[in-house]
Number of protein chains: 2
Amino acid sequence: MTADIEKIIAKSQESCASTGNKLTNKRKKVLMVLLNSALPLSAYDIVDRYKEQFQESLPVMSVYRMLDFLIKEKLVHKLETASQYISCSHITCNHQHEMPQFLICDRCGGVKEVGIKKAIIEELEHSIRSTGFLLTHKQLELHGICKQCKIQSA
Amino acid sequence: MTADIEKIIAKSQESCASTGNKLTNKRKKVLMVLLNSALPLSAYDIVDRYKEQFQESLPVMSVYRMLDFLIKEKLVHKLETASQYISCSHITCNHQHEMPQFLICDRCGGVKEVGIKKAIIEELEHSIRSTGFLLTHKQLELHGICKQCKIQSA
DNA sequence: TCAGCTATGATATAACATATCATTCATAAA
DNA sequence: TTTATGAATGATATGTTATATCATAGCTGA
């Protein structure tokens, strides 16, 4: 595994430890599968890649449980609109966990986790709160065509 | 059916006619099932309610096709994060179809289609466009707890 | 060491969605 | 009026995503 991934894994270990939880070997390998993928993966995709990458099969039920764990630890995001999972791109940056924002390309399936200007997000949150609604999930998923795909089709 | 629903159906007929398409009897009844429901429904829910309300069964395949049609006609929205369908709350208002915004209550399952201040939405869209991403789907789905449920649990 | 808890496995099934071919039905040209 | 055409719907099968539940393994601390 690359140095980058090693660093991310180390940081993830710490992060779990700090919440009193354990990044077991299998959970770590599931996270690595996601880190190794440029595209978001479904739980069933993860089963397949896990087998390829580690010559070891994992029941899909276990994958779902491990994903739940990794999501709780904020190491992984679920793209609700795509039923796919992606590693958080901010594991190593001591980030505040603000509202994650994903631009999902419907052509290539790629996802970019972006940072929309904080002021805009705060206005948006404020506007929602003012209707009496309590935001709990805080995540934006927006669909379209990414820069690359746009250029290719031009 | 109530006068309100009659009015909405009439408007929907017109709207389809104007795009050269037909709101067939079955499509109309699927729309009515959604209009009669306070909560969003899955395609399979629609099959069940259709049978209850019209003593007539409809294959789920047909429901999906009719939903596709109604969505293209902008009479129905799909809540991607919930895999559920809901009638557009603006059928009768000669609305511009701007970015629809849904607040989805994870307690009661209720959905409110809200209008966030246009300026905020435009800033958001602009911010996304400026990354080179071409927004095509334009829909926000935000999850949390609605006012009612918040009050009840207080 | 063993009791108790957490993690994982195994199996079944539920819930959501699409592919494909057949049939029905409306419409309009002959 | 008949018939050809295309659109809408039905029927059937299957793919994909997700959860329920009970069993087993494995760690950890008394």
Side-chain angles (χ1 to χ4, degrees), chain A residues 12-13 16-17 19-34 39-51 54-73 75-86 104 106 109 141 143, chain B residues 12-13 16-17 19-34 39-51 54-73 75-86 104 106 109 141 143:
Chain A
S12 301
Q13 297 271 21
C16 288
T19 65
N21 291 308
K22 274 164 292 187
L23 188 64
T24 62
N25 202 38
K26 295 196 177 186
R27 286 168 176 168
K28 185 168 71 184
K29 290 198 274 186
V30 165
L31 178 56
M32 281 172 57
V33 167
L34 286 172
L39 298 180
L41 301 175
S42 76
Y44 287 82
D45 292 337
I46 293 172
V47 169
D48 295 341
R49 301 226 180 171
Y50 191 100
K51 189 174 302 180
F54 303 109
Q55 288 75 52
E56 184 189 344
S57 84
L58 198 54
V60 69
M61 186 65 253
S62 294
V63 169
Y64 277 109
R65 279 187 296 228
M66 291 167 194
L67 286 170
D68 286 345
F69 173 87
L70 295 169
I71 289 167
K72 267 204 213 97
E73 294 294 321
L75 301 170
V76 165
H77 298 288
K78 175 173 187 183
L79 300 175
E80 299 286 349
T81 58
S83 295
Q84 288 179 318
Y85 304 84
I86 189 172
I104 303 170
D106 291 330
E141 298 179 31
H143 285 257
Chain B
S12 301
Q13 297 271 20
C16 287
T19 65
N21 291 308
K22 274 165 290 186
L23 188 65
T24 62
N25 202 38
K26 295 197 175 182
R27 287 169 175 168
K28 183 168 73 183
K29 289 198 274 185
V30 166
L31 178 56
M32 282 172 58
V33 166
L34 285 172
L39 297 179
L41 300 175
S42 76
Y44 286 82
D45 291 338
I46 292 172
V47 168
D48 295 343
R49 300 225 180 173
Y50 191 100
K51 191 175 300 182
F54 303 111
Q55 288 75 51
E56 185 189 344
S57 84
L58 199 54
V60 69
M61 187 64 253
S62 293
V63 170
Y64 276 109
R65 279 188 295 230
M66 290 167 196
L67 286 170
D68 286 345
F69 174 86
L70 296 169
I71 289 166
K72 267 206 213 96
E73 295 294 320
L75 300 169
V76 165
H77 297 289
K78 175 171 187 182
L79 301 175
E80 299 285 348
T81 57
S83 295
Q84 288 179 317
Y85 303 84
I86 188 173
I104 302 170
D106 292 329
E141 298 180 31
H143 285 255

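Each chain gets a letter, A, B and so on, in the order its sequence line appears, and its residues count up from 1. Heavy atoms only: backbone and side chains are in, while hydrogens, waters and symmetry mates are out.
- Note on K78(B): a side-chain N or O is less than 4.0 Å away from OP1 or OP2 of dA17(C).
- Where L58(A) and E80(B) each meet DNA chain C at their nearest nucleotide, the meeting point lying more 5' is that of L58(A).
- Distance, N21(B) CG to dT9(D) P: 12 Å, rounded to whole Å.
- Here dA7(C) presents its C1' atom at 7 Å from CE of M66(A), a figure rounded to the nearest Å.
- Proximity of S83(A) to the phosphate of dC16(C): no side-chain N or O atom is located under 4.0 Å from OP1 or OP2.
- Ranking dT19(D), dG9(C), dT9(D) by closeness to the Y64(A) side chain, first place goes to dT19(D).
- In terms of phosphate contacts, T24(A) brings no side-chain nitrogen or oxygen within less than 4.0 Å of OP1 or OP2 of dA7(C).
- Formation of a donor-acceptor pair under 3.5 Å by the E141(A) side chain with backbone atoms of E80(A) is found in this model.
- Out of dA17(C), dT21(D), dA18(D), the shortest distance to the side chain of Y85(B) is found at dA17(C).
- Between the CD1 atom in I71(A) and the OH atom in Y85(A) there is a gap of 6.0 Å [rounded to 0.5 Å].
- Distance, R27(A) CZ to dG9(C) P: 11 Å, rounded to whole Å.
- For R65(A), counting side-chain heavy atoms from C-beta on, the closest listed nucleotide (dC16(C), dT21(D), dG10(D)) is dT21(D).
- Following rounding to the nearest Å, L67(B) (CG) and dA17(C) (C1') show an atom-to-atom distance of 11 Å.
- Counting to the nearest Å, the C1' atom of dT9(D) and the CZ atom of F69(B) are 13 Å from each other.
- Applying the 4.0 Å criterion to OP1 and OP2 of dC16(C), one finds that S42(B) has a side-chain N or O inside that range.
- Among the nucleotides dT17(D), dA11(D), dA10(C), the one closest to the side chain of P59(A) is dA10(C).
- What separates CG of D68(B) from P of dC16(C) is a distance of 16 Å, to the nearest Å.
- K22(A) has its NZ atom 7 Å from the C1' atom of dT28(D), to the nearest Å.
- Which of dT9(D), dT12(D), dT19(D) sits closest to the side chain of M61(B) comes down to dT12(D).
- Of the listed nucleotides (dT9(D), dT8(C), dA18(D)), dT8(C) has the atom at the smallest distance from the side chain of K26(A).
- To the nearest 0.5 Å, the span separating OG on S42(B) from CG on L67(B) amounts to 9.5 Å.
- Using a distance-only test at 3.5 Å, with no hydrogens or angles considered, no donor-acceptor pair links the side chain of D68(A) to the main chain of R65(A).
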From CA spacing to verdict: salt bridge (Lys or Arg N to Asp or Glu O under 4.0 Å), E56(B), K29(B): CA-CA 11 Å; E56(B) 185 189 344; K29(B) 289 198 274 185; 2.8 Å; yes

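- Atom NZ in K28(A) sits about 12 Å away from atom P in dT8(C), given to the nearest Å.
- dC16(C) has Y44(B) stacked on its base ring, the centres lying under 5.5 angstrom apart and the planes within 30 degrees of parallel.
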